[in-house]
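Remember, predicted model here, so these are calculated numbers, not experimental data. Excluded from the calculations below are hydrogen atoms, water molecules and symmetry mates; all remaining heavy atoms, backbone and side chain alike, are included.
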Amino acid sequence: MVSQVRGDVDLELWDLGCNNLLASSTSSTPNESLRYVNNTSPSIPEAVVIRVFMKNGEGNNRYALTACFADTNLPSVGVQSCAGLVNSTGRPGTLCARGSDFATDNNLLLYAVDIPSGSAGYFITSPAAGFTANPAGSLGNLCLDLPGRYSFAPQFTGTANAVFYQPDLANTPVAGGGFAPVNAGTRQFWQYWYRDSVGGVAVSNFSSALCVDFR
């Protein structure tokens, strides 16, 4: 994990010529996250430059960088609320979402990236954030409070190091069993809990947590 003492890592997004700053994230927290929408020519791919830099500190910090991408037909929704920890791919698993943040549309697509190939896992969800470090010996952190779990059938990454899932917002699992709808004006969190192997030993890990404010 990034240590602010070793260097305050900040983030900027520039156009290809580094003439125009498109977005930035320069908080004093260990994790930075930014969002940029190309409203000028949304149908044309845009090349950008990501600048990671030290604002202060010793200047020798380390970091992991993951990006979520979407398009005008299926825009990105939600914000990262809790970072994942590095898995056997050498990167942390990251949970992204595309679709609509209107609850009545019931059109949200979750996708976790940088997940070990062939891994099995479950999507979990909660209306509230939480934090439990290394639950049940996991190498990752649970960032949800009293989560519900989708289905008893695990999702598999296949060979693409990614897994996709479209939850039914009208039937969202709750802790202890049962289901409840996601309504307009509410907030919902998701995370992906998955299997991994380190040194031949079976372990588990968690993706980053994603938060969506529904309208």
Please examine the side chains of Q80 and C68, heavy atoms only from C-beta on, and report whether any two atoms are closer than 4.5 Å. yes

Quick check: do T94 and S207 have side-chain heavy atoms less than 4.5 Å from each other? no

Check whether any side-chain N or O of S204 sits under 3.5 Å from a backbone N or O of R195 as a donor-acceptor pair, and report yes or no. no

Heavy-atom donor-acceptor pair, T186 side chain to N183 backbone, under 3.5 Å: yes

Donor + acceptor pair across side chains of S27, E32 (<3.5 Å): yes

Check whether S126 reaches the backbone of D145 with its side chain - one donor and one acceptor, N or O, closer than 3.5 Å. yes

Is any side-chain heavy atom of P147 closer than 4.5 Å to a side-chain heavy atom of Q191? no

Does a donor on one side chain sit under 3.5 Å from an acceptor on the other, for S33 and S25? no

Do the non-hydrogen side-chain atoms of L142 and F206 ever get within less than 4.5 Å of each other? yes

Would you say the side chain of V48 lies within less than 4.5 Å of the side chain of D15, judging by non-hydrogen atoms? no

Remaining members of the apolar cluster that contains L146, side-chain heavy atoms under 4.5 Å: none

Sequence neighbours left out, what pairs pass salt bridge (Lys or Arg N to Asp or Glu O under 4.0 Å) with at least one residue falling in residues 173-192? R187-D213

Do any pairs count as a side chain to side chain donor-acceptor pair (under 3.5 Å) and have a residue in residues 113-124, sequence neighbours left out, and if so which ones? R91-D114

Can you tell me which residue pairs pass the ring pair (Phe, Tyr, Trp, His ring centres under 6.0 Å) test with a partner in residues 78-106, sequence neighbours excluded? none

Contacts of type ring pair (Phe, Tyr, Trp, His ring centres under 6.0 Å), residue F164, not counting sequence neighbours: Y111

Residues S24 and L34: closest non-hydrogen pair is CA-CD2, 3.9 Å

For Y150, the other hydrophobic cluster members (4.5 Å side-chain criterion, sorted by chain and number) are V77, L95, L108, L110, I115, F123, V163, Y165, L169, V182, W190, Y192, Y194, L210, V212, F214

Expected output: side-chain Q166 to main-chain L109 donor-acceptor under 3.5 Å: no

So, T125 side chain and F189 main chain: donor-acceptor pair closer than 3.5 Å or not? yes

Between S81 and C211, which heavy-atom pair has the shortest distance, and what is it? CB-CB, 4.2 Å

Would you call L139 and L85 a side-chain contact if the rule is heavy atoms closer than 4.5 Å? no

In Å and rounded to the nearest 0.5 Å, what is the CD1 to CH2 distance from I124 to W193? 7.5 Å

